[in-house]
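What follows is a single structure, and I will ask about it in a moment.
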Amino acid sequence: MRIKSIRGVKDILPDEIAKWQWTEDWARKIFRRYGFKEIRIPIFEDSRLFARSLGETTDVVEKEMYTFADRSGDSLTLRPEGTASVVRSYVEHKMHHPPSVVKLYYMGPMFRYERPQAGRFRQFYQIGVEAMGSASPAVDAEVMCMLVELFKTLGLADVQLQINSLGDKESRPQYRQILQNAIQPHLTNLCANCNQRYEKNPLRVLDCKEPQCKEIARDLPKTVEHLNPESREHFEEVQTLLKAAGVDFTINPLMVRGLDYYSRTTFEIASSELGAQNALCGGGRYDYLVETFDGPPTPCFGFALGMERLVSVVQPGADLETLDRPDLYIVSLGEQALLASFKIAEELRSRGLRVERDYDGSSLKSQMRKANQKNCRFALIIGDNELESGKLVLKNMVESEQTEIALASFSDEILNVVAPLPDD
RNA sequence: GUGGGCGUAGCUCAGUUUGGUAGAGCUCUGGAUUGUGGCUCCAGUGGUCGCGGGUUCAAGUCCCGUCGCUCACCCCA
């Protein structure tokens with residue numbers, strides 16, 4: 001039996017990778033403009049890290065983690081998300097010294113044991129952003145603006161930003177009680193799942209998809225109606241700033257995030273171009289998470305965005321076409337030319353050109369065809385005729401014009417015509 | 001965990017109703033054009049029809065089983 005890749009994972013092949021790199025390049029550029037720096041966190045962690053941060057009763061922790069014992073018997077887990085690791089790292093490396101807002105981003109694979117479908121995989125890639133150390137609503141708004149800016153640059157057509165506020169440490173317990181009281185009379189009409197949620201996490205009743213639950217949820221008290229003055233002011237300021245930046249959004253009082261660490265602002269950006277899994281990214285404030293890992297009180301705001309989903313809707317510009325485009329294809333004919341062309345290729349590459357070539361002594365026709373297929377800007381023909389006359393033939397593949405290059409000074413002459421692209 | 005759809009050439013798919021020599025387009029290779037790509041035309045390469053069993057003179061096609069992919073529920077990025 002031939003070994004195949006396992007369920008829910010996939011190879012990202014060279015044809016597709018240009019789009020990924022293009023997307024990642026833009027994310028890096030734009031994050032840099034906002035002062036975010038990359039952090040690389042481990043792929044696996046102590047299992048307790050995720051249970052404690054995401055919440056013991058969340059679906060991710062209860063049934064979706066890849067957890068295993070290593071050879072010494074320690075329980076390890078392949079990371080199902082990135083925030084927990086960033087917070088652990090923040091505390092472990094005492095990044096709160098000296099006091100400042102620490103702005104980080106990461107990119108990489110996450111792992112969740114779920115049934116695969118469109119936009120959902122068992123190994124999937126996320127870009128995450130975390131702004132740590134300020135409770136200012138300006139942080140919330142700025143990070144969301146950064147995302148909108150990124151999406152605009154990536155050519156996304158139809159995205160919707162939804163925001164909500166879940167309240168803080170002080171208002172949340174009171175609201176929870178009010179909500180439970182309001183739910184209780186409806187318990188017999190709510191789905192089995194919501195009956196459990198009523199006990200464990202009543203907020204989740206609000207965003208249940210069951211029709212009868214939706215009906216009831218519509219009239220339940222909402223978090224935004226029960227914010228304390230501080231949280232209400234924070235939420236209003238976030239809205240004011242978003243409006244000032246010209247960012248469109250809607251308030252969705254039924255949006256409850258699936259991870260327990262969120263407080264105050266939460267948000268999601270969805271795309272109507274995606275299937276059932278239409279959330280491109282989601283996040284919000286987590287003002288108390290650092291403390292649960294024995295760090296100092298550190299209000300934070302962050303989000304994660306799904307790369308597979310994002311890449312499927314980006315509209316790359318002309319800059320994508322040059323990403324992998326070779327400058328020059330060396331066509332070589334005959335034994336003597338092989339040695340000469342080898343040296344010429346090495347010389348041109350060391351001067352910054354992207355040089356492709358033939359390895360198998362194919363016909364001229366076939367080598368020219370390859371040069372065309374690979375979208376090379378130029379072809380350099382080296383055969384016995386050229387070696388004898390000391391003149392190489394350089395062909396512009398776009399204009400279909402050719403010029404002669406003196407073998408004695410080929411390097412400078414070619415560089416003169418075929419300038420390397422700025423990125424190289 | 002529960003449903004629906006689909007597995008035939010490297011890719012996209014026809015052929016399955018009514019069993020009878022394995023097909024098309026794209027790609028690839030060669031030629032028309034002896035050392036010049038793209039366009040056109042001609043020719044060629046390429047398939048244990050997911051896998052296993054059964055019925056039959058005969059199975060891609062019918063029956064049973066099994067594996068995989070995919071979409072949706074759920075959940076989320």
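A note on names: the letters A, B, ... follow the listed sequences, proteins ahead of strands, and every chain is numbered from 1. Computed over heavy atoms, backbone and side chain alike; hydrogens, waters and symmetry mates excluded. Just so you know, these numbers come straight off a predicted model, no measurement behind them.
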Whom does B/G68 pair with, Watson-Crick or G-U wobble, provided both distances fall under 3.5 Å?
B/C6
Answer with base, sugar-phosphate or nothing: what part of the nucleic acid does A/E64 contact at a heavy-atom distance below 4.0 Å?
sugar-phosphate
Just to be sure I understand the geometry, which residues of residues 339-348 of chain A put a non-hydrogen atom under 4.0 Å away from RNA chain B?
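Nucleic-acid contacts, sorted: none.
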Scan nucleotides 41-43 of chain B against the protein and return all N/O pairs shorter than 3.5 Å with their distances rounded to 0.1 Å.
none

Please classify the nucleic acid contact of A/L280 as base, sugar-phosphate, or nothing, using heavy-atom distances under 4.0 Å.
sugar-phosphate
Listing request: all ring pair (Phe, Tyr, Trp, His ring centres under 6.0 Å) pairs with a residue in residues 249-284 of chain A, at least two apart in sequence or in separate chains.
A/Y261-A/Y286, A/F267-A/F301
Would you jot down, in residue-number order, the residues of residues 369-395 of chain A having a non-hydrogen atom under 4.0 Å from RNA chain B?
A/R369, A/K370, A/N372, A/Q373, A/I381, A/D384, A/N385, A/E386, A/K395
Would you mind listing every side-chain hydrogen bond (donor to acceptor under 3.5 Å, both in side chains) that reaches into residues 49-66 of chain A, with sequence neighbours excluded?
none
So what does A/Y113 touch, heavy atoms closer than 4.0 Å: a base, only the sugar-phosphate, or nothing?
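Since no nucleic acid heavy atom lies under 4.0 Å of A/Y113, the category is nothing.
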With a non-hydrogen cut-off below 4.0 angstrom, is A/G119 in contact with a base, only sugar-phosphate, or nothing?
base
Would you say that A/V205 contacts A/C208 through its side chain, given a criterion of any heavy-atom pair below 4.5 Å between the two side chains?
no
Would you mind classifying the nucleic acid contact of A/R7 as base, sugar-phosphate or nothing, using non-hydrogen atoms under 4.0 angstrom?
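Here A/R7 touches the backbone only, sparing every base.
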Detail all sub-3.5 Å separations between protein N/O atoms and N/O atoms belonging to nucleotides 9-12 of chain B.
none

